[in-house]
Amino acid sequence: MFHLLRYPLTGALFLLLSTISAKAQMNMEEHDRKPYYFGITLAANQSYFRLSHSDLFLHQDSIMVAEPLKTVGFNLGLLANLRLSNRFDLRFNPQLFFANKNLYFRENYPDRSTEKKVESIVVSFPLQIKFKSDRIGNMRVYTIAGMKLDHDLASNKSVRLAEDLVKINKTTYGYEIGAGFEFYFPSFIFTPEFKISNGLNDVHVKDPNLRYSNVIDQLNSRMIVFSIHLQG
């Protein structure tokens with residue numbers, strides 16, 4: 001490097017060739033002009049409920065603790081991306097995710113701890129706006145924000161003769177926000193992404209005849225997701 005500094009012409013030529021080489025190594029340059037493209041999604045999630053207690057919880061002495069537990073699951077999905085402008089895309093990312101949103105209860109009579117498993121197999125339909133930065137070589141940063149509609153295939157809403165259950169609605173709607181990176185390779189784009197997905201509606205099916213359910217007022221779904229998108 002020092003000998004290049006001693007010969008300015010040689011140094012300038014070296015920098016010029018380096019620049020040309022860097023541009024020659026730019027992967028998938030035509031991709032930014034595509035009107036749409038597709039991909040697949042693999043993801044891990046951490047799911048839980050945001051729980052608020054009912055008035056009965058404060059006036060009874062049988063169940064002393066009712067709180068949500070965080071569990072880990074996974075997602076599989078498809079991705080469709082529509083280019084709106086140089087900065088904005090519209091993205092549809094339907095997914096099937098498997099998760100448990102368990103609830104912990106501590107009882108006084110009898111003295112015991114109980115964990116209620118709320119299993120979920122959810123088909124999720126998120127529609128998002130993607131805001132993307134300029135491409136820096138073979139990398140780009142982006143953010144997303146949007147709405148989602150979830151349908152729980154494993155909902156226990158219609159179960160009867162189940163006094164020890166907490167019943168959950170089939171449908172959830174909510175919002176998602178997140179950010180990610182796009183790394184361009186010669187034949188595909190590798191995209192790690194982090195997002196927060198929150199339900200807005202109360203999914204708790206209230207039933208005064210269910211002893212664990214009647215100490216709960218509202219349950220709102222919460223999910224933290226780390227995704228890998230492979231796009232072409």
Legend entry - Close aromatic pair by centroid cut-off 6.0 Å: Phe74 and Phe97: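 Centroid separation for Phe74 and Phe97: 6.0 Å or greater.
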Inset, instruction - Take Asn86 and Lys132, measure what side-chain contact (heavy atoms from CB on, under 4.5 Å) needs, and give me the verdict at the end. - result: CA-CA 8 Å; Asn86 291 335; Lys132 53 193 179 180; 5.9 Å; no
Legend entry - Derivation of the side-chain hydrogen bond (donor to acceptor under 3.5 Å, both in side chains) call for Ser197 and Glu176: CA-CA 4 Å; Ser197 179; Glu176 297 186 321; 3.0 Å; yes
Quick one: [atom1] on [X] to [atom2] on [Y], what's the gap to the nearest 0.5 Å?
X	Y	atom1	atom2	result
Leu127	Asn93	CG	CG	10.5 Å
Leu82	Tyr36	CG	OH	10.0 Å
Asn45	Asn75	CG	CG	4.5 Å
Arg135	Asn27	CZ	CG	7.0 Å
Asn81	Gln128	CG	CD	9.5 Å
Ser227	Leu42	OG	CG	9.0 Å

Inset, instruction - Answer yes or no: is there an ion pair linking Lys101 with Asp152, defined by an N-O contact shorter than 4.0 Å? - result: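 No, no charged N to carboxylate O under 4.0 Å.
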Same hydrophobic cluster for [X] and [Y], using side-chain heavy-atom links shorter than 4.5 Å among ILVMFWY?
X	Y	value
Leu103	Phe57	yes
Val65	Leu69	yes
Phe98	Val123	yes
Val122	Phe125	no
Phe38	Phe185	no

How close do [X] and [Y] get, counting heavy atoms only, and between which atoms?
X	Y	result
Arg87	Asp134	NH1-OD1, 2.8 Å
Pro68	Leu51	CD-CB, 4.0 Å
Ser47	Met223	OG-CE, 3.1 Å
Arg211	Ser62	NH2-OG, 3.4 Å
Asn102	Lys117	OD1-CA, 3.2 Å
Tyr104	Ser113	OH-OG, 3.0 Å

Legend entry - Neighbour count >12 (heavy atoms, 6.0 Å) for atom CZ, Phe181: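 Atom CZ in Phe181 is not crowded, with 12 or fewer foreign heavy atoms closer than 6.0 Å.
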Inset, instruction - Take the angle between the ring planes of His31 and Tyr37 and call it parallel below 30°, perpendicular above 60°, tilted in between. - result: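 Plane angle between 30° and 60°, so tilted.
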Legend entry - Partner of Tyr142 under side-chain hydrogen bond (donor to acceptor under 3.5 Å, both in side chains), chosen from Glu193, Glu182, Lys130: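 Option passing the side-chain hydrogen bond (donor to acceptor under 3.5 Å, both in side chains) with Tyr142: Glu193.
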Decide yes or no for [X] and [Y]: does some side-chain heavy atom of the first lie under 4.5 Å from some side-chain heavy atom of the second?
X	Y	value
Lys206	Asp217	yes
Phe105	Ile216	yes
Phe49	Val166	no
Gln231	Leu79	yes
Asn220	Leu200	no
Leu84	Ile129	yes
Ile228	Phe190	yes
Ile224	Phe194	yes

Donor-acceptor contact below 3.5 Å, side chain [X] vs main chain [Y]:
X	Y	answer
Asp202	His204	yes
His53	Leu58	no
Arg140	Ser133	yes

Inset, instruction - Given side-chain contact (heavy atoms from CB on, under 4.5 Å), test Leu149 with Thr171 step by step and report yes or no. - result: CA-CA 7 Å; Leu149 179 68; Thr171 304; 3.7 Å; yes
Inset, instruction - Please determine, by modelled atom types, if Gln95 and Thr41 share a side-chain donor-acceptor pair under 3.5 angstrom. - result: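 Side chains of Gln95 and Thr41: no pair found under 3.5 Å.
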Inset, instruction - Would you tell me whether Asn108 and Asp61 have side-chain atoms, one donor and one acceptor, within less than 3.5 Å of each other? - result: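 Side chains of Asn108 and Asp61: no pair found under 3.5 Å.
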Inset, instruction - Compute both the distance and the angle, then confirm whether Lys70 meets the cation-pi test with Tyr48: under 6.0 Å from the six-membered ring centre, within 45 degrees of the axis. - result: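 The answer is yes, since Lys70 meets both limits relative to Tyr48.
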Inset, instruction - For Asp150, enumerate each residue passing the side-chain hydrogen bond (donor to acceptor under 3.5 Å, both in side chains) test, keeping only those at least two apart in sequence or located in another chain. - result: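 Once residues adjacent in sequence are excluded, the partners of Asp150 under the side-chain hydrogen bond (donor to acceptor under 3.5 Å, both in side chains) criterion are Ser124, Lys148.
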Inset, instruction - Just jot down the side-chain hydrogen bond (donor to acceptor under 3.5 Å, both in side chains) partners of Thr114, sequence neighbours excluded, or say none. - result: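 Expected list: Glu107.
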Inset, instruction - Carefully, step by step, assess Phe88 and Phe131 under the rule ring-ring contact (aromatic ring centres under 6.0 Å, His included). - result: CA-CA 5 Å; Phe88 292 95; Phe131 175 71; 5.2 Å; yes
Legend entry - Pair Met26-Asn138, side-chain contact (heavy atoms from CB on, under 4.5 Å): steps then yes or no: CA-CA 6 Å; Met26 182 83 74; Asn138 288 316; 3.9 Å; yes
Legend entry - side-chain contact (heavy atoms from CB on, under 4.5 Å) evaluation trace for Leu78 with Ile40: CA-CA 4 Å; Leu78 302 174; Ile40 61 173; 4.2 Å; yes
